[in-house]
Amino acid sequence: MDYLEGLNEPQHKAVTTTEGPMMIIAGAGSGKTRVLTYRIAHLIKSKSIDPFNILSLTFTNKAAAEMRNRIEGVIGSEARNIWMGTFHSVFARILRSEAAHIGYPSNFTIYDADDSKSLIRTIVKELNLDDKLYKANIVFNRISGAKNRLVSYKEYNANPAFKTDDAQNRRPELGKIYKIYAERCFKAGAMDFDDLLFNTNILFRDHLEVLNKYQHRFKYVMVDEFQDTNISQYLITKNLSAVSENICVVGDDAQSIYAFRGADIQNILNFEKDYPTLKVIKLEQNYRSTKNIVNAANSIIGYNKAQLKKNVWTSNDEGTQIELIKSASDNEEGKLVATSIFEEKAQHQFHNKDFAVLYRTNSQSRAMEESLRKLNIKYKIIGGLSFYQRKEIKDLLAYMRFSINHNDEESLKRIINLPKRGIGTTTVNKLIVVANEHNKSIWEVLQHANQIVPGRAANAIGEFVALIKRFAIEIEKNDAYEAANTIAKGSGLLQDLYADRTVEGLNRYENVQELLNAVKEFVDNEEEVTGGEEPKDKQLGTFLQEITLLTGQDRDDDDDNDKVTLMTIHMAKGLEFKNVYIVGMEEDLFPSQMMLNSRADLEEERRLFYVAITRAEQKVFLSYALSRYRFGRLKSCEPSRFIDEIDPKFIKESSKFGGRTTQPVTQVTSQYAKNLVRGSATKPSINKASLQHTPSADFAPSDTSNLQESMKVEHPKFGFGKVTEIDNSGTSRKATVVFDNFGEKTLLLSFAKLKIHT
DNA sequence: GACTCCGATCTTTTT
DNA sequence: GATCGGAGTC
C-alpha cells in the first residue's frame, strides 16, 4: 500500500492495527491526523470495511471535512459514507431520527449558551430569587456540570450531597431551578448543548433496540482529542463499541485543556482498566517544531505531576531561542508584536498566514487588532464574539427557529415584539405564566390570546400567529434559501434595518444579507458536513442545526487566506503555524487568576501554555506588559511564573525590543470620555507610578544588577534560596539559585523576581 | 408600552 | 469598555 510509505514504525502500527480496543498517545506534532486518515483508508481499502460502518468523532467539523477529503484522495468517493463530525453534530443527527423514543419532536431546537442563560434568568426571576446570588453563569455551569456527569434533575434533587453543597454555597434552590429548567426545555422542544450528549445516553440506556442498531452499524469507532472528552461522551462511545470492541481513541494527556467544561483526564488514565486487552501505541516523534521549541515545551510540562510517561523528541533543526518581548502597557505590547511581525516578514520572506497571535482571553484581541491595522497587516480573528451572536442575526434566526418549532420559548421572546407590534413584556410574561400554570404549550396559549390579554394586544398576537403559520408552510414547501428570504422580508426585519441609515444600521443590514448568502451557499453546497446515509436535505432546519453546532475553527470561512491569525489558545488546538506569538504572559492573566481561584488547577493552565508553544514550527515569541487595562482600569502586572519555568537555555530577551524606553500610556478611561461629553470631566486618573513594575504590595523585587554569589534571596513562588552561580557569559545574565524547598533553578536576571536579603 | 439615560457588573477558556 | 436592567418620562 503506497500510503503506508513514509510512516515511522509506531505510526505504521497505529494505522494497521485495526481490531480490538486501542489507545494512541499522540504527542504534539506527531502526525496524528495523518495516522487517523490512513487508518480509516486502510480499514476500507485493505480490510474491505464498509465506510458506512465507521464512526469517526473529531474535535471540529472542519477537521472532519478535511479528513474526509484526504481519505477520498486515497479510496475515492466511498469516503462520503463515513460518519464523521463532532460529538455534538453526530449525535444531534442521531437524536433527530430517534427523538420520538425520548418524547422529543424531531424538529427540536438546539439552545445555545445564550438561550440557556436567558431561560435561567427568567426562571430565577419567576421564583423571586436573588439574581445576584443566582447568577445565570453560575447556575448554568452547575446544571451543565451535573448533566456532563449524567446526573438528571431527579437524581440531583434526590441526592443530599448536592443539597448540602448548594446550601453551603448559599444557593439552596439550585436543584429546583435545575428541575424547572429541564422541564421548560423539554416543553419548548429544546435541547441545550449538554442535552445532546445527555439525551443520547438516555436514549441508549432506555432503548436497547436503538443502541443495538447503532452498535451494529458502527463496527469501528474512533475518537480524536480523547483527552478532552467528558464522562457523558466517554459513555456514549463505550456503549456504541461494546459489541465490536473496535474502539480506537487518540489523544495527548499533556494537551487536556477542557476540564472546565467537564472533560475528564481520568478517561485517558482509566481507559486501560475498562479495556484489559487494550493496545497502547505512543507517537513520540515530533515533525512540526524545532528542537528548541520541543525542548522548551518539555521543560515546562515537566512541572506537571499528573501525566503519562512519554518522550517527545524531534530530528528537526535546532532552531532559534524563544524570544521574550517586554512592554510597558497592553497597547505598547500590541505595537511591539505588530512591529515584530512586520520585521520578521521583511527579513525572512514570511507571509501573514505564517503568524498566529495567541492569547488567554478574547478581550486581549482589541489591542492587537488596532496595532495590526495601523501597520496594514491583514488579520483574522477566530472565535470571540461570532457572527451568529450578533443581535440582528440572532433575531432573524429566532424567527426561523420559531417558525420550525412553535414552542421555542426563547425565540418567541426575542421576536414577538420585533419589529414593534404593540406586544409588550407585560403581555408576554402573562402568556408564559398562563402556559406554565395550565400546563399548556406556548403555541396553544398564543392561539387563544384573546381570552387572556386585552383586545388590542390580542389582535396583534393574532396577526403574529398568522405570520408564523405562513412561514411554517413556506419552510415546509421550499428550500432553505427561499424560506429564509420570505422570513427576512415577511417579518419586517429587513425593512426595519434598511430604514436605519446610520453606519451601524447599514452594517446590520449587510450582516443579515450575509446570513442569507450563507443560507444560499448551504443550499448550493453539495458537500456533506456530517456524513451518513440520507441524502443531504436543504431544509432550513438542517441549516439551523449546522450553524448552532459550528465550532470556532469551523467558522473560519475567510476566502483570503493570507492573514495573521488571532485567537485564544483554546481555539488553537490542533492547528499549526510557522511563528507563534503568545501575548499577555502575565501572572493572574496567564495563568488565569479566575482559574486558580475557582478550581485551583495550575496544571491545566500549564498544559494550555504547552499547547500554545507546540503550535509553532519555527519560532515562538512570548510577550508581557507591565501594565494592562482590565475592567477599564489600568493595573500593574508581573511576568508570568511560566516564563521562569522555561529552561533558560531555550529563551532569550528580544534584542530588538527588550528594555526599550516606553511611551507613557495616553489612553483614557471610558468614564472619563463620557464625562468629557457631559462637560463634567475631572482629570484623567492615570497614575504614572502604576506603570512601574510593582508586582505586589508584599513582594517588591530588588535590583538584581549587583546580585552576587552566595547572596540570600527570596522568590515569590519558590521562597528562600541561595545564589550559587552568576553567569555573565551570554547575552543576558543568569543566576543559579538553590531554593530551600524547590532545589536548584536557573533564572534570567533581567526579569527574575528576586528580593535580596543581606 | 416605548424610549432614554444612568449605573452596575462583569471577563477565563467553548460545544 | 460593553452590556444589561432599572428608573423615570412621554
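Chain letters run A, B, ... following the sequence lines, proteins first, then strands; residues in each count from 1.
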Between [N] ([atom2]) and [X] ([atom1]): distance, integer Å:
X        : N     : atom1 : atom2 : answer
A:Arg121 : B:dT9 : CZ    : P     : 15 Å
A:Lys420 : B:dG1 : NZ    : P     : 12 Å
A:Asn417 : B:dC3 : CG    : P     : 9 Å

Note: A:Lys32-A:Asp224 ion pair, threshold 4.0 Å (strictly below)
yes

May I ask you to say whether A:Lys335 pairs ionically with A:Glu332, meaning some side-chain N is under 4.0 Å from a carboxylate O?
no

Among residues at least two apart in sequence or on other chains, which ones pass side-chain hydrogen bond (donor to acceptor under 3.5 Å, both in side chains) with A:Ser256?
none

Contacts of A:Arg96 that satisfy side-chain hydrogen bond (donor to acceptor under 3.5 Å, both in side chains) - sequence neighbours left out:
A:Gln545

Which letters describe nucleotides 10-15 of chain B, given B = protein heavy atom under 4.0 Å from base, S = only from sugar-phosphate, - = neither?
BBBBBB

Ring geometry between A:Tyr104 and A:Phe108 (parallel below 30°, tilted from 30 to 60°, perpendicular above 60°):
perpendicular

